[in-house]
Novice: 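Okay, here's the structure, questions in a sec.
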Number of protein chains: 2
Amino acid sequence: MKKSATINATPICKIKMQGISDAMSLLSGKWKFHILGTLMEGDTLGFMDLLREIEGIGTKMLSKELQDLEMNNLVTRTVMNTKPITVKYSITEYGKTLSPLIDELAKWGIDYRKSVRERG
Amino acid sequence: MKKSATINATPICKIKMQGISDAMSLLSGKWKFHILGTLMEGDTLGFMDLLREIEGIGTKMLSKELQDLEMNNLVTRTVMNTKPITVKYSITEYGKTLSPLIDELAKWGIDYRKSVRERG
DNA sequence: GAAATTACTTTCCTTTTGGAAACTACCAAC
DNA sequence: GTTGGTAGTTTCCAAAAGGAAAGTAATTTC
């Protein structure tokens, strides 16, 4: 008799695994959590503000990631009627639902660093 | 006066951002959460078991990701004295600390899918 | 009119990631 | 001795991700 999947074949696990895949498809990449985390702290920030806040990011990646996040309704982009024009980015209400996840991630990372230091 | 980072320059934010980077450096990639999630359900599983449980993964990626996870003390690999030899993989106690994060991720992904369906 | 600021986009390049298929190696069953 | 199961490794390749630098375009300041 040929063996097949048993654990992940249960409906509950299948849904959970798909949830993981779905979440990762929106949030993967080097910068998304940093951008979202910064916008959660800063509420509304301009493009150059974000560029300055997020250490190491370049204009191309920032622009591309913001577009991705906007498409997925996690961030809003508003062109202000100023001279010179400015653009403000904010996190959406829906984007704010990521707050527990981002906090968990940051917390785990901080604890991990501690645990490595303790073990040496 | 030249502007510089204000939000992420605060010590608390710097630590948080580093936490995010640290966590992501261990957990990035297409398969790690799936492997860890499966091992949390299945407790101890052989290589072929994991290959069967995790839909879509191939031997190369499974092998490589398991090595990564083992190196970071999230998974243990034990060669059993059976004939033919079998290998069992389990999640470590430390690996289990990822449970809240994985649950958050899965939960958010499930909710996201729901919200997309509702909006159409 | 030259420099600086806002907000990007484009191009070119390197690195990383991931997958398919084939191969190794050991052992058991038939 | 051939098939089938264990547990991988290796090779070869394609696609995705990411970065540096230059370019675009509008306006304001000096």
Side-chain angles (χ1 to χ4, degrees), chain A residues 1-6 17 20-21 24-36 38-39 42 44-72 75-90, chain B residues 1-6 17 20-21 24-36 38-39 42 44-72 75-90:
Chain A
M1 179 190 139
K2 208 169 183 179
K3 285 178 201 169
S4 56
T6 54
M17 289 296 160
I20 291 172
S21 295
M24 289 206 320
S25 78
L26 299 194
L27 303 170
S28 66
K30 196 173 170 183
W31 299 112
K32 296 214 182 67
F33 284 117
H34 290 95
I35 295 172
L36 291 166
T38 304
L39 284 173
T44 79
L45 294 168
F47 187 84
M48 292 308 285
D49 294 329
L50 285 164
L51 204 58
R52 277 185 290 261
E53 293 292 341
I54 301 165
E55 211 183 305
I57 201 170
T59 56
K60 195 190 81 172
M61 289 310 293
L62 180 56
S63 168
K64 190 217 145 215
E65 298 293 64
L66 284 169
Q67 281 171 29
D68 284 2
L69 295 171
E70 199 196 351
M71 262 199 302
N72 290 317
V75 156
T76 53
R77 177 182 185 273
T78 316
V79 179
M80 304 301 282
N81 193 14
T82 54
K83 289 181 180 181
I85 63 152
T86 49
V87 177
K88 65 169 200 186
Y89 291 94
S90 325
Chain B
M1 179 189 137
K2 209 170 182 178
K3 286 179 200 166
S4 57
T6 53
M17 289 294 160
I20 291 172
S21 295
M24 289 207 319
S25 78
L26 299 194
L27 303 171
S28 66
K30 194 172 171 182
W31 299 112
K32 296 215 180 68
F33 283 118
H34 290 96
I35 295 172
L36 290 166
T38 304
L39 284 172
T44 78
L45 295 167
F47 187 84
M48 293 307 286
D49 294 328
L50 285 165
L51 204 58
R52 277 185 289 261
E53 293 290 342
I54 301 166
E55 210 182 305
I57 200 169
T59 56
K60 195 191 83 170
M61 288 311 293
L62 180 56
S63 168
K64 190 218 145 214
E65 297 293 63
L66 284 167
Q67 282 171 28
D68 284 2
L69 294 171
E70 199 196 351
M71 262 199 301
N72 290 317
V75 155
T76 53
R77 177 183 185 273
T78 316
V79 180
M80 306 301 285
N81 194 14
T82 54
K83 287 181 181 181
I85 63 152
T86 49
V87 177
K88 64 169 199 186
Y89 291 94
S90 324

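These numbers come from the heavy atoms of this one structure, side chains and all, not from hydrogens, waters or symmetry mates. Order of the sequence lines sets the chain letters (A, B, ...), proteins ahead of strands, with each chain counted from 1.
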Novice: Using heavy atoms to find the nearest nucleotide of DNA chain D for A/E65 and A/K83 separately, return the residue whose nucleotide is more 5′.
Specialist: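 Nearest-nucleotide comparison on DNA chain D picks A/E65.
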
Novice: Mind checking the OG1-CG spacing from B/T86 to B/L45? Nearest 0.5 Å is all I need.
Specialist: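 If I round to the nearest 0.5 Å, the distance is 12.0 Å.
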
Novice: Please confirm whether any donor atom in the side chain of B/K30 sits under 3.5 Å from an acceptor in the base of C/dG18, or the reverse.
Specialist: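 Donor-acceptor pair under 3.5 Å: no.
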
Novice: Using whole Å, report how far NZ of B/K60 lies from C1' of D/dC12.
Specialist: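 Spelled out: NZ on B/K60 to C1' on D/dC12 is 9 Å.
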
Novice: Return the nearest nucleotide to the side chain of B/R77; candidates are D/dG8, C/dC8, D/dT9.
Specialist: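 Closest nucleotide among those given: D/dG8.
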
Novice: Per the atom types in the model, does the base of D/dT6 pair as donor or acceptor with the side chain of B/T82 at under 3.5 Å?
Specialist: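 There is none.
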
Novice: Roughly, in whole Å, what's the span from CE in B/M80 to P in C/dC27?
Specialist: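 Rounding to the nearest Å, CE of B/M80 and P of C/dC27 are 17 Å apart.
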
Novice: Mind calculating the distance between CD (B/E55) and P (C/dG19) to the nearest angstrom?
Specialist: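 Roughly 13 Å, once rounded to whole Å.
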
Novice: Between A/Q67 and C/dC8, is there a contact of a side-chain N or O with OP1 or OP2 at under 4.0 Å?
Specialist: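 A/Q67 to C/dC8 OP1/OP2: no side-chain N or O under 4.0 Å.
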
Novice: Can you identify which nucleotide, out of C/dA7, D/dT27, D/dG8, has its nearest atom closest to the A/P84 side chain?
Specialist: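 So the nucleotide nearest the side chain must be D/dT27.
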
Novice: Nearest-Å distance, NZ (A/K88) to P (C/dT6)?
Specialist: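 Going from NZ in A/K88 over to P in C/dT6 covers 17 Å.
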
Novice: Just compare C/dG19, D/dG8, C/dT9 and give me whichever is closest to any side-chain atom of A/S63.
Specialist: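 So the nucleotide nearest the side chain must be C/dT9.
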
Novice: Rounded to whole angstrom units, what separation is found between the CG atom of A/L66 and the P atom of C/dT9?
Specialist: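 Rounded to the whole Å, the gap is 10 Å.
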
Novice: Please report the distance, rounded to the nearest Å, between CG in A/D68 and P in D/dA17.
Specialist: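 Whole-Å distance recorded here is 9 Å.
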
Novice: Given C/dG19, D/dG8, D/dG19, which nucleotide is nearest the side-chain atoms of B/M61?
Specialist: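 Nucleotide nearest to B/M61's side chain: C/dG19.
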
Novice: Give one of base, sugar-phosphate or nothing for B/T86, where a contact means two heavy atoms less than 4.0 Å apart.
Specialist: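 Counting heavy atoms under 4.0 Å across all strands, the contact made by B/T86 is with sugar-phosphate only.
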
Novice: Checking B/K32 against B/D68 for the side-chain contact (heavy atoms from CB on, under 4.5 Å) test, could you report, in this order, the C-alpha distance in whole Å, the side-chain angles of both residues, the deciding distance, and whether it holds?
Specialist: CA-CA 9 Å; B/K32 296 215 180 68; B/D68 284 2; 3.9 Å; yes

Novice: Atom CG of A/L50 and atom P of C/dT5: how far apart are they, to the nearest Å?
Specialist: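 So the two atoms are 18 Å apart, to the nearest Å.
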
Novice: Ignoring backbone atoms, establish whether B/Y89 has a side-chain N or O less than 4.0 Å from OP1 or OP2 of D/dG8.
Specialist: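 For B/Y89, the contact criterion (side-chain N or O under 4.0 Å from OP1 or OP2 of D/dG8) is met.
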
Novice: Taking CD1 from A/I57 and P from D/dA20, how many angstroms apart are they, rounded to a whole number?
Specialist: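 To the nearest whole Å, that distance equals 11 Å.
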
Novice: Please round to the nearest 0.5 Å and tell me the distance separating atom CG of B/D49 and atom NZ of B/K88.
Specialist: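 Reported to 0.5 Å precision, the distance equals 12.5 Å.
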
Novice: Using heavy-atom distances to pick each residue's nearest nucleotide on DNA chain D, tell me which of B/R52 and B/T59 is more 5'.
Specialist: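 First, find each residue's nearest nucleotide; the 5'-ward one identifies B/R52.
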
Novice: Which heavy atom of B/A5 sits nearest a heavy atom of A/R52, and at what distance?
Specialist: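 For B/A5 and A/R52, the tightest heavy-atom pair comes out as CB-O, 3.4 Å.
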
Novice: Might you confirm whether atom CD of B/E70 has over 12 heavy atoms from other residues, nucleotides or ligands at distances under 6.0 Å?
Specialist: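 Yes, because the 6.0 Å sphere around CD of B/E70 holds more than 12 heavy atoms from other groups.
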
Novice: Specify the residue among A/M48 and B/K64 whose closest nucleotide of DNA chain C lies further upstream toward the 5′ end.
Specialist: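 Counting from the 5' end, the first nearest nucleotide belongs to A/M48.
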
